[in-house]
Amino acid sequence: MKGRTALVTGASSGIGRATALLLAREGAAVALVALPGAELDRAAEECRAAGARVLPLPADVADSAAVADAFSRAEALGPVDAVFNNAGISMVVPVTETTDEQWHRQLQVNLTGSFFVARQAARVMAPRRRGAIVSTASELALTGQAGYVAYTATKGGILAMTRALAAELAASGVRVNAVCPGAIDTPLLRAEFDTADDPAAERAENERSIVLGRLGRPEEIAQTVLFLLSDDAAYVTGAHYVVDGGRTGCFPVGSLARPQEDGGEQA
Ligand code: NAD
(Lines give C-alpha, C1' and ligand atoms only; values in the text may rest on other atoms or scores of the structure.)
Protein backbone atom coordinates (compact mmCIF):
# COMPACT_ATOMS: atom_id res chain seq x y z
CA MET A 1 0.00 0.00 0.00
CA LYS A 2 3.07 2.25 -0.25
CA GLY A 3 2.18 5.52 -1.98
CA ARG A 4 -1.55 4.95 -1.46
CA THR A 5 -3.89 7.16 0.57
CA ALA A 6 -6.66 5.35 2.41
CA LEU A 7 -9.77 6.73 4.07
CA VAL A 8 -11.33 4.45 6.68
CA THR A 9 -14.70 5.11 8.32
CA GLY A 10 -15.51 3.68 11.72
CA ALA A 11 -11.77 3.87 12.30
CA SER A 12 -11.80 4.45 16.06
CA SER A 13 -12.91 0.97 17.11
CA GLY A 14 -13.18 -2.69 16.19
CA ILE A 15 -12.89 -3.67 12.54
CA GLY A 16 -12.18 -0.16 11.23
CA ARG A 17 -9.45 0.46 13.75
CA ALA A 18 -7.71 -2.85 13.03
CA THR A 19 -7.91 -2.17 9.28
CA ALA A 20 -6.57 1.38 9.57
CA LEU A 21 -3.62 0.02 11.54
CA LEU A 22 -2.95 -2.75 9.02
CA LEU A 23 -3.09 -0.28 6.11
CA ALA A 24 -0.70 2.00 8.03
CA ARG A 25 1.70 -0.90 8.61
CA GLU A 26 1.50 -1.73 4.90
CA GLY A 27 2.69 1.78 4.04
CA ALA A 28 -0.51 3.72 3.28
CA ALA A 29 -1.20 7.22 4.54
CA VAL A 30 -4.47 6.92 6.45
CA ALA A 31 -7.38 9.28 7.11
CA LEU A 32 -9.40 8.00 10.06
CA VAL A 33 -13.07 8.98 10.07
CA ALA A 34 -15.24 8.23 13.11
CA LEU A 35 -17.44 9.86 15.67
CA PRO A 36 -15.44 12.35 17.75
CA GLY A 37 -13.77 11.19 20.96
CA ALA A 38 -10.60 10.08 22.66
CA GLU A 39 -10.82 6.66 20.95
CA LEU A 40 -10.29 8.30 17.56
CA ASP A 41 -7.18 10.11 18.81
CA ARG A 42 -5.82 6.86 20.27
CA ALA A 43 -6.42 5.01 17.00
CA ALA A 44 -4.65 7.79 15.08
CA GLU A 45 -1.71 7.63 17.51
CA GLU A 46 -1.48 3.85 16.98
CA CYS A 47 -1.25 4.34 13.19
CA ARG A 48 1.29 7.12 13.60
CA ALA A 49 3.41 4.82 15.79
CA ALA A 50 3.37 2.34 12.88
CA GLY A 51 5.16 5.01 10.82
CA ALA A 52 2.20 6.25 8.76
CA ARG A 53 1.09 9.76 7.90
CA VAL A 54 -2.28 10.05 9.61
CA LEU A 55 -5.24 12.41 9.89
CA PRO A 56 -8.02 11.86 12.45
CA LEU A 57 -11.24 13.29 10.99
CA PRO A 58 -14.21 13.34 13.37
CA ALA A 59 -17.41 13.19 11.31
CA ASP A 60 -20.87 11.64 11.26
CA VAL A 61 -21.18 9.62 8.04
CA ALA A 62 -24.94 10.27 8.03
CA ASP A 63 -24.15 13.95 7.31
CA SER A 64 -23.32 14.34 3.62
CA ALA A 65 -21.59 17.71 4.08
CA ALA A 66 -19.39 16.25 6.83
CA VAL A 67 -18.48 13.33 4.56
CA ALA A 68 -17.54 15.66 1.69
CA ASP A 69 -15.48 17.77 4.08
CA ALA A 70 -13.66 14.69 5.45
CA PHE A 71 -12.70 13.64 1.91
CA SER A 72 -11.36 17.09 1.01
CA ARG A 73 -9.34 17.25 4.24
CA ALA A 74 -8.01 13.71 3.67
CA GLU A 75 -6.56 14.82 0.35
CA ALA A 76 -3.90 16.72 2.35
CA LEU A 77 -2.31 13.26 2.70
CA GLY A 78 -2.47 12.58 -1.05
CA PRO A 79 -5.12 11.61 -3.61
CA VAL A 80 -7.50 9.23 -1.83
CA ASP A 81 -7.44 5.93 -3.76
CA ALA A 82 -8.55 3.38 -1.16
CA VAL A 83 -11.73 3.67 0.89
CA PHE A 84 -12.94 1.32 3.61
CA ASN A 85 -16.61 2.24 4.00
CA ASN A 86 -17.21 0.60 7.35
CA ALA A 87 -18.89 2.81 9.97
CA GLY A 88 -21.99 1.18 11.36
CA ILE A 89 -24.27 0.69 14.31
CA SER A 90 -26.60 -2.10 15.43
CA MET A 91 -29.68 -2.22 17.64
CA VAL A 92 -31.00 -5.60 18.72
CA VAL A 93 -34.75 -5.27 19.14
CA PRO A 94 -37.86 -7.30 18.26
CA VAL A 95 -39.60 -5.97 15.15
CA THR A 96 -42.80 -5.17 17.04
CA GLU A 97 -40.85 -2.97 19.46
CA THR A 98 -38.64 -1.25 16.88
CA THR A 99 -39.33 2.48 17.00
CA ASP A 100 -39.40 4.74 13.94
CA GLU A 101 -36.28 6.38 15.34
CA GLN A 102 -34.38 3.08 15.64
CA TRP A 103 -35.32 2.14 12.08
CA HIS A 104 -34.33 5.56 10.69
CA ARG A 105 -31.04 5.88 12.60
CA GLN A 106 -29.79 2.46 11.46
CA LEU A 107 -30.80 3.28 7.89
CA GLN A 108 -29.17 6.72 8.14
CA VAL A 109 -25.81 5.55 9.50
CA ASN A 110 -25.42 2.13 7.86
CA LEU A 111 -27.03 2.58 4.45
CA THR A 112 -27.32 6.33 3.77
CA GLY A 113 -23.91 6.89 5.42
CA SER A 114 -22.36 4.15 3.26
CA PHE A 115 -23.93 5.75 0.21
CA PHE A 116 -22.57 9.21 1.09
CA VAL A 117 -19.07 7.77 1.56
CA ALA A 118 -19.19 5.65 -1.62
CA ARG A 119 -20.58 8.57 -3.65
CA GLN A 120 -17.80 10.88 -2.44
CA ALA A 121 -15.22 8.17 -3.12
CA ALA A 122 -16.57 7.84 -6.66
CA ARG A 123 -16.46 11.62 -7.14
CA VAL A 124 -12.76 11.81 -6.32
CA MET A 125 -11.59 8.49 -7.77
CA ALA A 126 -13.46 8.18 -11.07
CA PRO A 127 -11.93 11.30 -12.70
CA ARG A 128 -8.47 9.96 -11.75
CA ARG A 129 -9.41 6.53 -13.11
CA ARG A 130 -7.98 4.73 -10.11
CA GLY A 131 -9.19 3.46 -6.76
CA ALA A 132 -10.89 0.77 -4.75
CA ILE A 133 -13.81 0.85 -2.34
CA VAL A 134 -14.69 -1.86 0.18
CA SER A 135 -17.92 -1.60 2.16
CA THR A 136 -18.74 -3.54 5.29
CA ALA A 137 -21.95 -5.50 4.93
CA SER A 138 -22.49 -8.49 7.23
CA GLU A 139 -23.32 -12.18 7.29
CA LEU A 140 -26.78 -10.76 8.06
CA ALA A 141 -26.94 -9.52 4.46
CA LEU A 142 -27.10 -13.23 3.56
CA THR A 143 -29.11 -14.81 6.33
CA GLY A 144 -31.77 -13.83 8.85
CA GLN A 145 -31.47 -13.53 12.61
CA ALA A 146 -34.16 -12.64 15.15
CA GLY A 147 -33.82 -9.14 16.56
CA TYR A 148 -32.08 -7.68 13.52
CA VAL A 149 -34.82 -6.78 11.04
CA ALA A 150 -33.79 -3.13 10.53
CA TYR A 151 -30.05 -3.82 10.73
CA THR A 152 -30.37 -6.65 8.19
CA ALA A 153 -32.22 -4.37 5.79
CA THR A 154 -29.32 -1.91 5.89
CA LYS A 155 -26.74 -4.62 5.24
CA GLY A 156 -28.68 -6.18 2.38
CA GLY A 157 -28.88 -2.70 0.90
CA ILE A 158 -25.11 -2.31 1.12
CA LEU A 159 -24.57 -5.53 -0.84
CA ALA A 160 -27.02 -4.52 -3.56
CA MET A 161 -25.47 -1.05 -3.75
CA THR A 162 -21.99 -2.58 -4.00
CA ARG A 163 -22.90 -4.52 -7.14
CA ALA A 164 -24.56 -1.53 -8.85
CA LEU A 165 -21.63 0.72 -7.97
CA ALA A 166 -19.15 -1.83 -9.28
CA ALA A 167 -21.01 -1.92 -12.59
CA GLU A 168 -21.15 1.85 -12.84
CA LEU A 169 -17.53 2.53 -11.86
CA ALA A 170 -15.84 -0.31 -13.75
CA ALA A 171 -15.30 1.83 -16.84
CA SER A 172 -13.59 4.43 -14.63
CA GLY A 173 -11.10 1.88 -13.29
CA VAL A 174 -12.57 1.92 -9.79
CA ARG A 175 -13.27 -1.44 -8.13
CA VAL A 176 -16.06 -1.85 -5.57
CA ASN A 177 -16.46 -4.84 -3.24
CA ALA A 178 -17.96 -5.75 0.11
CA VAL A 179 -16.88 -7.78 3.08
CA CYS A 180 -19.42 -9.77 5.11
CA PRO A 181 -18.06 -10.32 8.60
CA GLY A 182 -19.54 -12.94 10.89
CA ALA A 183 -19.46 -12.54 14.67
CA ILE A 184 -16.35 -10.46 15.29
CA ASP A 185 -15.21 -9.69 18.81
CA THR A 186 -15.63 -5.90 18.95
CA PRO A 187 -17.40 -3.42 21.25
CA LEU A 188 -20.42 -3.54 18.88
CA LEU A 189 -20.82 -7.32 19.26
CA ARG A 190 -20.15 -7.23 23.00
CA ALA A 191 -22.91 -4.61 23.37
CA GLU A 192 -25.23 -6.95 21.43
CA PHE A 193 -24.44 -9.81 23.82
CA ASP A 194 -25.13 -7.45 26.72
CA THR A 195 -28.74 -7.00 25.58
CA ALA A 196 -29.33 -10.70 26.42
CA ASP A 197 -30.38 -11.84 29.90
CA ASP A 198 -27.20 -13.90 30.11
CA PRO A 199 -24.44 -12.31 27.96
CA ALA A 200 -21.95 -15.14 28.64
CA ALA A 201 -24.48 -17.76 27.50
CA GLU A 202 -25.27 -15.65 24.43
CA ARG A 203 -21.59 -15.53 23.54
CA ALA A 204 -21.18 -19.29 24.08
CA GLU A 205 -24.22 -20.00 21.89
CA ASN A 206 -22.71 -17.84 19.16
CA GLU A 207 -19.42 -19.68 19.39
CA ARG A 208 -21.21 -23.01 19.07
CA SER A 209 -22.97 -21.79 15.90
CA ILE A 210 -19.63 -21.24 14.12
CA VAL A 211 -17.86 -24.28 12.64
CA LEU A 212 -14.46 -22.81 13.48
CA GLY A 213 -15.72 -22.71 17.07
CA ARG A 214 -14.83 -19.14 17.99
CA LEU A 215 -15.60 -15.49 17.30
CA GLY A 216 -13.50 -13.73 14.69
CA ARG A 217 -10.90 -11.08 15.44
CA PRO A 218 -11.05 -7.61 13.84
CA GLU A 219 -7.58 -8.25 12.37
CA GLU A 220 -9.01 -11.20 10.42
CA ILE A 221 -11.43 -8.90 8.61
CA ALA A 222 -8.66 -6.35 8.08
CA GLN A 223 -6.60 -8.89 6.11
CA THR A 224 -9.44 -9.43 3.63
CA VAL A 225 -10.04 -5.69 3.28
CA LEU A 226 -6.33 -5.12 2.66
CA PHE A 227 -6.42 -7.68 -0.15
CA LEU A 228 -9.53 -6.14 -1.74
CA LEU A 229 -8.09 -2.61 -1.59
CA SER A 230 -4.73 -3.69 -2.99
CA ASP A 231 -3.74 -4.24 -6.60
CA ASP A 232 -3.57 -7.98 -5.80
CA ALA A 233 -7.36 -7.88 -6.22
CA ALA A 234 -7.14 -6.18 -9.63
CA TYR A 235 -9.66 -8.62 -11.17
CA VAL A 236 -12.14 -8.53 -8.26
CA THR A 237 -15.13 -6.21 -8.43
CA GLY A 238 -18.83 -6.45 -7.57
CA ALA A 239 -17.99 -9.27 -5.16
CA HIS A 240 -18.62 -9.93 -1.49
CA TYR A 241 -16.22 -11.86 0.68
CA VAL A 242 -17.72 -13.77 3.60
CA VAL A 243 -15.37 -13.91 6.59
CA ASP A 244 -17.44 -15.66 9.23
CA GLY A 245 -15.64 -18.79 10.45
CA GLY A 246 -17.96 -20.82 8.23
CA ARG A 247 -21.18 -19.79 9.98
CA THR A 248 -23.29 -19.07 6.89
CA GLY A 249 -21.80 -21.89 4.81
CA CYS A 250 -21.78 -24.86 7.17
CA PHE A 251 -23.96 -26.51 9.82
CA PRO A 252 -21.99 -26.94 13.07
CA VAL A 253 -23.81 -30.19 13.86
CA GLY A 254 -23.07 -33.92 13.92
CA SER A 255 -20.56 -35.94 15.91
CA LEU A 256 -17.78 -35.28 13.40
CA ALA A 257 -18.22 -31.50 13.91
CA ARG A 258 -17.36 -31.75 17.59
CA PRO A 259 -13.74 -31.19 18.62
CA GLN A 260 -12.03 -34.59 18.98
CA GLU A 261 -10.34 -35.34 22.29
CA ASP A 262 -7.18 -36.51 20.55
CA GLY A 263 -6.84 -33.12 18.81
CA GLY A 264 -8.97 -33.84 15.78
CA GLU A 265 -7.22 -36.89 14.30
CA GLN A 266 -9.74 -39.34 12.85
CA ALA A 267 -8.98 -43.08 12.61
P1 NAD B 1 -17.50 -0.79 16.67
O2 NAD B 1 -18.68 -0.34 17.44
O3 NAD B 1 -16.35 -1.42 17.36
O4 NAD B 1 -16.96 0.43 15.79
C5 NAD B 1 -17.85 1.24 15.09
C6 NAD B 1 -17.12 2.42 14.50
O7 NAD B 1 -18.04 3.16 13.70
C8 NAD B 1 -16.56 3.39 15.54
O9 NAD B 1 -15.35 3.91 15.08
C10 NAD B 1 -17.60 4.51 15.57
O11 NAD B 1 -17.07 5.79 15.93
C12 NAD B 1 -18.00 4.51 14.11
N13 NAD B 1 -19.32 5.11 13.89
C14 NAD B 1 -20.52 4.73 14.41
N15 NAD B 1 -21.48 5.56 13.99
C16 NAD B 1 -20.88 6.47 13.18
C17 NAD B 1 -21.32 7.59 12.46
N18 NAD B 1 -22.61 7.95 12.47
N19 NAD B 1 -20.42 8.31 11.75
C20 NAD B 1 -19.12 7.97 11.75
N21 NAD B 1 -18.63 6.93 12.41
C22 NAD B 1 -19.50 6.19 13.12
O23 NAD B 1 -18.11 -1.79 15.56
P24 NAD B 1 -17.47 -2.95 14.64
O25 NAD B 1 -17.94 -4.24 15.17
O26 NAD B 1 -16.03 -2.71 14.38
O27 NAD B 1 -18.33 -2.67 13.31
C28 NAD B 1 -17.78 -2.11 12.14
C29 NAD B 1 -18.68 -2.48 10.99
O30 NAD B 1 -18.74 -3.89 10.87
C31 NAD B 1 -20.14 -2.01 11.13
O32 NAD B 1 -20.62 -1.60 9.88
C33 NAD B 1 -20.86 -3.27 11.58
O34 NAD B 1 -22.22 -3.25 11.22
C35 NAD B 1 -20.08 -4.31 10.79
N36 NAD B 1 -20.19 -5.68 11.29
C37 NAD B 1 -19.74 -6.00 12.53
C38 NAD B 1 -19.84 -7.32 12.96
C39 NAD B 1 -19.36 -7.76 14.32
O40 NAD B 1 -19.65 -8.89 14.73
N41 NAD B 1 -18.61 -6.96 15.06
C42 NAD B 1 -20.40 -8.29 12.12
C43 NAD B 1 -20.83 -7.92 10.85
C44 NAD B 1 -20.72 -6.60 10.44
Side-chain angles (χ1 to χ4, degrees), residues 7-22 30-44 46-47 56-67 69-71 83-92 104-118 120 134-143 145 148 150-159 161-162 178-194 202-203 206-207 209-210 214-222 224-225 240-245 247-248:
L7 182 145
V8 176
T9 72
S12 66
S13 177
I15 293 167
R17 183 170 180 161
T19 305
L21 182 58
L22 181 61
V30 191
L32 290 90
V33 177
L35 294 175
E39 283 223 302
L40 176 57
D41 298 327
R42 277 197 290 274
E46 216 170 60
C47 293
L57 300 171
D60 182 343
V61 294
D63 174 345
S64 66
V67 168
D69 183 57
F71 268 85
V83 168
F84 184 33
N85 188 11
N86 162 77
I89 56 171
S90 69
M91 299 172 192
V92 188
H104 286 307
R105 187 63 188 156
Q106 288 178 91
L107 262 288
Q108 272 163 5
V109 175
N110 296 2
L111 188 54
T112 306
S114 292
F115 169 72
F116 288 157
V117 170
Q120 205 57 32
V134 176
S135 298
T136 303
S138 170
E139 62 184 353
L140 294 185
L142 309 169
T143 193
Q145 185 175 353
Y148 291 87
Y151 178 82
T152 294
T154 71
K155 295 301 186 176
I158 288 173
L159 269 200
M161 185 170 71
T162 296
V179 65
C180 295
I184 309 303
D185 198 355
T186 69
L188 177 143
L189 185 67
R190 277 172 242 143
E192 290 179 5
F193 291 160
D194 285 343
E202 188 81 2
R203 184 184 178 105
N206 265 269
E207 287 166 350
S209 71
I210 300 166
R214 63 171 176 86
L215 304 181
R217 293 185 288 272
E219 295 74 17
E220 292 171 320
I221 305 300
T224 300
V225 177
H240 62 268
Y241 275 54
V242 182
V243 188
D244 68 349
R247 181 147 77 168
T248 54

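Whatever order the structure lists ligands and atoms in, that order sets their numbers, starting from 1. None of these values were measured; they are calculated from a predicted model. Quick note: residue numbers are just sequence positions, from 1.
- Of the heavy atoms in T9, none comes closer than 4.0 Å to ligand 1.
- Backbone and side-chain nitrogen or oxygen atoms of L189 are examined, and none is located within less than 3.5 angstrom of a nitrogen or oxygen of ligand 1.
- Residue contacts with ligand 1 for A191 are absent, since no atom lies close enough (heavy atoms, distance under 4.0 Å).
- Under the 4.0 angstrom criterion for non-hydrogen atoms, P187 is in contact with ligand 1.
- Where the criterion is an N or O separation shorter than 3.5 Å, residue side chain and backbone included, S138 fails it with respect to ligand 1.
- Inclusion of G16 in the set of residues having an N or O under 3.5 Å from an N or O of ligand 1 is not warranted.
- Considering backbone and side-chain atoms alike, V33 places every N or O at 3.5 Å or more from each N or O of ligand 1.
- We find that R42 and E46 are not joined by a salt bridge, their nearest charged nitrogen and carboxylate oxygen being 4.0 Å or further apart.
- Both the backbone and the side chain of S13 come within 4.0 Å of ligand 1, judged by heavy-atom distances.
- Within ligand 1, the atoms closer than 4.0 Å to a non-hydrogen atom of G14 are 3 (O), 26 (O), numbered from 1 in the order shown.
- With a 4.0 Å cut-off on non-hydrogen atoms, R105 touches ligand 1 through its side chain and not its backbone.
- Polar contact check, T136 against ligand 1: no nitrogen or oxygen pair lies under 3.5 Å apart.
- Listed by number with element, the atoms of ligand 1 under 4.0 Å from a non-hydrogen atom of A34 are 9 (O), 11 (O), 21 (N).
- In terms of polar-atom proximity, V61 is counted as a contact of ligand 1, with an N or O under 3.5 Å from an N or O of the ligand.
- At least one N or O atom of N86, backbone or side chain, sits closer than 3.5 Å to an N or O atom of ligand 1.
- Residue G182 has at least one heavy-atom neighbour below 4.0 Å for each of these atoms of ligand 1: 38 (C), 39 (C), 40 (O), 42 (C), 43 (C).
- Looking only at protein heavy atoms, the nearest one to atom 27 (O) of ligand 1 is L188 CD1, 4.0 Å.
- Residue contacts with ligand 1 for T186 involve side-chain atoms from C-beta outward but no N, CA, C or O (heavy atoms, distance under 4.0 Å).
- Judged purely by distance below 3.5 Å, without hydrogens or angles, the side chains of E192 and Y148 pair a donor atom with an acceptor atom.
- With a 4.0 Å heavy-atom cut-off, ligand 1 is reached by the backbone of A11 but not by any atom from C-beta on.
- Under 4.0 angstrom from ligand 1, the non-hydrogen atoms of A137 all belong to its backbone.
- Residue K155 touches ligand 1 through its side chain alone, judged by heavy-atom distances below 4.0 Å.
- Those atoms of ligand 1 with a heavy atom of A183 less than 4.0 angstrom away are 40 (O).
- In this structure E220 satisfies the side chain to side chain contact (heavy atoms under 4.5 Å, CB included) test together with R214, R217, sequence neighbours excluded.
- Shown in contact with D60 at under 4.0 Å from a heavy atom are these atoms of ligand 1, numbered in order with element: 17 (C), 18 (N), 19 (N).
- Shown in contact with V109 at under 4.0 Å from a heavy atom are these atoms of ligand 1, numbered in order with element: 15 (N), 18 (N).
- Side-chain atoms of T9 come within 3.5 Å of backbone atoms of N86 as a donor-acceptor pair (strictly under, hydrogens ignored).
- Residues satisfying the side chain to side chain contact (heavy atoms under 4.5 Å, CB included) criterion with S135, sequence neighbours excluded, are N85, I133, I158, T162.
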